[in-house]
Amino acid sequence: MNVFVEFERRIRDAVSAAQTTGDLPENLDLSKISTEPPREESHGDIATNAAMILAKPAKKSPREIAEKLAALLEKSKDVLEVNVAGPGFINIKLADQFWLNVIREVLSAGRSFGSNSLGQGEKINVEYVSVNPTGPLHVGHCRGAIFGDALANLLEFAGYGVVREYYFNDAGSQIDALARSIHWRLREALGENLGEMPDGLYPGEYLKPLAESLARDNGADLAAKTENEWLPVLRSAGVGAMMELIKDDLALLGIHHDVFFSELSLHGGKDSEIKRTIDVLNQKGLIYEGVLPPPKGQLSEDWEAREQTLFKATEFGDDIDRPLMKSNGDYTYFAADVAYFKNKFDRGFDQMIYVLGADHSGYVKRLEAIGKAISGGKAQAVVRICQLVKLFRGGVPVKMSKRAGNFITMRDVVEEVGSDSVRFMMLYRKNDAPLDFDFVKVTEQSRDNPVFYVQYAHARICSVLRKASESFGEAQLADEFLRAAALDLLSDEAERLLMRKIATFPRVIESAARAHEPHRLAFFLYEVASAFHSLWNKGKELPHLRFIDEEKGDITMARLALIRATAHVIASGLTILGVEASEEMR
RNA sequence: GGUCCCGUAGCUCAGUCGGAUAGAGCACAAGAUUCCUAAUCUUGGGGUCGCAGGUUCGAAUCCUGCCGGGAUCACCA
């Protein structure tokens with residue numbers, strides 16, 4: 001149960017009770033009423049602003065309404081006391097039993113505690129990574145990949161039907177460049193001395209294994225053919241090999257997509273999806289032939305006016321109408337984007353989330369415009385931008401140059417600092433704030449590094465439970481036994497703090513999912529870990545608070561129930577973030 | 001120039017749908033370990049929430065303008 005949702009319901013009930021007695025008028029807007037944990041603990045367990053929100057429409061003073069509602073709320077058995085404070089806050093103090101039940105609930109729900117049906121099965125497509133298959137992933141791709149993955153997990157936990165999707169551009173001129181690069185490497189592998197690789201090709205070493213394997217098979221034949229003949233062969237061989245490379249890189253971070261969608265599949269033939277999509281837009285009167293105005297600001301030299309097939313993106317909030325055809329008759333990349341959205345829409349998604357890097361922030365409006373135009377408002381394109389990551393090593397910026405070939409790959413990073421650290425670090429920041437990533441700090445196993453702090457809390461709990469099973473036997477420590485423990489023996493403030501923190505997990509999941517912000521979960525886990533570490537150390541100073549007391553089985557079981565529940569929540573949260581909940585630290 | 005994002009403690013950052021005395025970590029200072037993992041904990045100082053208006057019972061949060069930092073702009077993908 002989400003405690004806060006429960007009380008929102010009770011407050012609504014109280015309001016309608018006050019309406020039937022005439023203390024409050026009918027037709028009140030209750031949507032702005034919130035229930036939340038008060039900042040000050042002494043204020044109680046739950047606070048609501050209901051009286052202040054209703055004061056104006058009811059034409060009564062907030063305190064008067066608060067007193068009325070407080071009296072109604074106080075009638076429940078599990079409510080200890082209700083106070084009115086400040087400008088009209090209603091502070092509710094709950095009976096202990098209420099919190100103890102949350103612990104029991106965690107122990108029976110286990111990993112599913114905190115999941116909810118916010119999404120009600122709504123189908124969401126989360127598209128992330130979507131890097132062109134021209135080479136391995138580099139460090140700049142990490143953040144979006146991790147963010148998208150965690151967001152997908154989070155939404156799934158919140159009851160959405162999530163599909164993880166990767167859109168790869170296997171149609172454009174970059175793929176021609178890839179094919180030519182492979183051809184160049186192929187001739188090199190066959191023994192030709194070619195000198196330095198020309199500009200415009202991909203100079204990385206990673207194409208060599210592919211070229212060498214091609215050389216062993218039918219390389220000589222291939223090299224002897226004309227470009228028209230080998231280009232399509234090497235394009236598809238290259239895309240296939242690069243996608244495998246990329247999937248391997250993603251697997252290092254535990255990222256696996258459900259669907260890999262080919263851009264090329266939208267182009268094929270006279271009856272292509274792109275053409276059909278443009279026809280649909282045409283029927284809606286959203287296509288015209290026209291000339292775009294020159295870009296404002298700095299005028300580029302090679303700009304010239306030309307007539308193009310344009311989509312009326314401005315009707316849907318974009319800054320400018322967008323071209324669908326190049327002057328040579330090819331479709332633009334944007335045209336494929338439109339068809340791709342339609343494809344997703346036809347597959348029945350209600351929300352299409354695009355996780356993009358900051359360098360694509362200019363795409364937001366046009367993607368939203370596509371969403372409105374294609375779906376007629378039935379589905380939504382939602383763009384989440386990840387800001388750039390700056391790399392440091394011990395405070396010194398790490399320089400990268402693609403030209404010199406010394407750019408850092410995702411594989412480099414993961415192999416150096418580990419998947420857990422990279423993932424947590426990338427998620428321990430709001431996605432739309434820039435992020436400094438320091439290799440030294442991230443490798444340090446210190447309090448500077450939150451992932452270890454959280455994992456350590458989990459490992460400590462596992463350690464206590466291992467220890468306890470020596471004295472009490474493993475069978476006694478199963479969740480169903482712990483659930484029956486005398487939890488009302490838990491009376492210390494630090495214990496109560498921990499259980500109240502755990503009880504907010506469902507609320508955190510809900511708000512993080514609603515806002516598409518997995519970082520909230522990362523911060524929450526840090527707070528849970530902190531509450532636990534605090535309790536642990538209190539037991540060091542005050543022996544009667546230690547988790548295991550072999551003389552007192554009752555209190556021991558109660559405490560083990562509390563920390564087992566804590567471990568469930570940490571593990572569950574870490575799993576959503578894609579971080580391992582280690583059982584011991586080494 | 002247009003658009004988008006950011007500006008909160010010395011540093012790095014949280015801050016929920018507008019809510020009560022704005023919070024963490026680092027750094028700094030002082031302490032805690034015969035005992036379940038010290039990768040931990042406790043205590044302390046530290047703030048013009050970029051600036052100026054506006055909206056209202058109430059603004060770090062919403063609106064407008066300005067200042068500063070970043071990203072982006074046109075047949076590329």
Side-chain angles (χ1 to χ4, degrees), chain A residues 31-34 36-40 43 47-49 52-53 55-56 61-62 85-89 91 132 134 169 171-175 263 292-300 302-304 306 308 318-320 323 325-330 332-334 336 357-365 383 385 387-388 428-430 432-436 438 441 444-450 452-453 455-457 459-461 463-468 507-508 510-512 514-515 517 519-520 522-523 526-527 529-530 532-541 543 546-549 563 584-585:
Chain A
S31 64
K32 285 190 174 168
I33 293 178
S34 69
E36 52 192 44
R39 196 182 342 232
E40 277 295 319
H43 290 149
T48 178
N49 61 355
M52 291 177 289
I53 295 295
K56 198 171 216 180
S61 85
F89 283 100
N91 292 324
N132 293 350
T134 57
N169 317 122
S173 59
Q174 289 191 11
I175 299 302
E263 184 198 346
L292 288 176
K296 287 168 186 161
Q298 70 245 41
L299 279 172
S300 91
D302 51 357
W303 187 87
E304 58 183 66
R306 55 176 86 79
Q308 290 172 294
D318 201 355
D319 304 316
I320 197 167
M325 304 265 262
K326 302 182 199 172
S327 46
N328 69 2
D330 287 350
T332 58
Y333 183 79
F334 178 77
D359 52 340
H360 285 74
S361 48
Y363 278 69
V364 177
K365 285 185 179 174
V383 183
I385 295 290
Q387 286 296 324
L388 301 183
Y428 201 62
R429 184 117 323 162
K430 202 166 39 181
D432 54 7
L435 186 151
D436 292 345
D438 195 311
K441 276 191 185 168
E444 244 168 44
Q445 303 195 351
S446 68
R447 60 200 311 173
D448 220 5
N449 193 344
F452 292 109
Y453 186 85
Q455 285 180 320
Y456 185 36
R460 268 183 157 173
I461 293 170
S463 165
V464 173
L465 293 169
R466 277 194 299 270
K467 194 91 178 174
R507 178 185 164 83
V508 170
E510 196 182 312
S511 73
R514 225 186 268 281
E517 290 184 346
H519 77 273
R520 293 189 193 188
F523 278 92
Y526 188 91
E527 287 165 12
S530 171
F532 170 76
H533 284 312
S534 186
L535 177 59
W536 172 292
N537 277 275
K538 215 169 169 183
K540 276 172 115 54
E541 286 162 33
R546 296 184 59 188
F547 298 123
I548 301 173
D549 185 340
I563 65 172
E584 55 185 332
M585 307 290 278

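Naming: A, B, ... by sequence-line order, numbering from 1 per chain. All heavy atoms count here, side chains included; hydrogens, waters and symmetry mates do not.
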At less than 4.0 Å, is any side-chain N or O atom of [X] found next to OP1 or OP2 of [N]? Yes or no.
| X | N | result |
| --- | --- | --- |
| A:Arg460 | B:A38 | yes |
| A:Arg546 | B:C36 | no |
| A:Lys365 | B:U3 | no |
| A:Lys326 | B:A77 | yes |
| A:His533 | B:A39 | no |
| A:Ser34 | B:G19 | no |
| A:Tyr453 | B:C41 | yes |
| A:Lys430 | B:G15 | yes |
| A:Lys56 | B:C57 | yes |

Any donor-acceptor pair under 3.5 Å linking the side chain of [X] with the backbone of [Y]?
| X | Y | result |
| --- | --- | --- |
| A:Asn328 | A:Asp330 | yes |
| A:Thr332 | A:Lys326 | no |
| A:Asp318 | A:Lys365 | no |

Inset, instruction - Flag the pair A:Tyr526 / A:Phe452 as yes when their ring centroid distance falls below 6.0 Å, and as no otherwise. - result: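 Centroid separation for A:Tyr526 and A:Phe452: 6.0 Å or greater.
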
Please pick, from [options], the nucleotide with the shortest atom-to-atom distance to any side-chain atom of [X].
| X | options | result |
| --- | --- | --- |
| A:Gln387 | B:C5, B:U42, B:A38 | B:C5 |
| A:Asn169 | B:U12, B:A77, B:G19 | B:A77 |
| A:Ser361 | B:U3, B:C17, B:A71 | B:A71 |
| A:Leu388 | B:A38, B:A71, B:C36 | B:A71 |
| A:Met52 | B:A14, B:C57, B:C17 | B:C57 |
| A:Asp359 | B:G15, B:A71, B:U37 | B:A71 |
| A:Tyr363 | B:A77, B:C6, B:U16 | B:A77 |
| A:Asp319 | B:U3, B:A77, B:U12 | B:U3 |
| A:Asn537 | B:G15, B:A32, B:U72 | B:A32 |
| A:Glu517 | B:A39, B:G15, B:U16 | B:G15 |

Inset, instruction - Over 60° means perpendicular and under 30° means parallel, so classify the ring planes of A:Tyr363 and A:His360, tilted if in between. - result: tilted

Inset, instruction - Please work out whether the ring planes of A:Tyr456 and A:His533 are parallel, tilted or perpendicular, with thresholds of 30° and 60°. - result: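 The rings of A:Tyr456 and A:His533 sit tilted, inter-plane angle from 30° to 60°.
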
Mind checking [X] for me? I need base, sugar-phosphate or nothing, with any heavy atom below 4.0 Å counting as a touch.
| X | result |
| --- | --- |
| A:Glu584 | base |
| A:Pro87 | base |
| A:Ile53 | base |
| A:Asn49 | base |
| A:Ala85 | base |
| A:Arg514 | nothing |
| A:Asp318 | nothing |
| A:Ala512 | nothing |
| A:Ser173 | sugar-phosphate |
| A:Ser327 | base |
| A:Arg429 | sugar-phosphate |

In whole angstroms, how far is the [atom2] atom of [N] from the [atom1] atom of [X]?
| X | N | atom1 | atom2 | value |
| --- | --- | --- | --- | --- |
| A:Phe334 | B:C73 | CZ | C1' | 15 Å |
| A:Ile385 | B:C5 | CD1 | C1' | 9 Å |
| A:Tyr526 | B:A39 | OH | P | 15 Å |

In the strands shown, is [N] matched to any nucleotide by a Watson-Crick or G-U wobble pair with both distances under 3.5 Å, and which?
| N | answer |
| --- | --- |
| B:A60 | none |
| B:A24 | B:U12 |
| B:U3 | B:A71 |
| B:A38 | none |
| B:A29 | B:U43 |

Legend entry - Residue mapping more 5' on RNA chain B - nearest nucleotide basis, A:Pro62 or A:Gln174: A:Pro62

Legend entry - A:Arg507 with A:Glu510: basic N within carboxylate O range, under 4.0 Å: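 Looking at A:Arg507 and A:Glu510, the cut-off is not met.
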
Legend entry - Shortest non-hydrogen contact from A:Pro62 toward A:Gly88: CB-CA, 4.4 Å

Legend entry - Closest non-hydrogen atom pair, A:Ala358 against A:Ile385: CA-CG2, 3.7 Å

Inset, instruction - Please measure how far the P atom in B:G18 lies from the corresponding atom in B:C62, and state the result in whole Å. - result: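 It works out to 8 Å between them.
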
Inset, instruction - Between B:G25 and B:U33, how far apart are the C1' atoms? Round to whole Å, please. - result: 23 Å

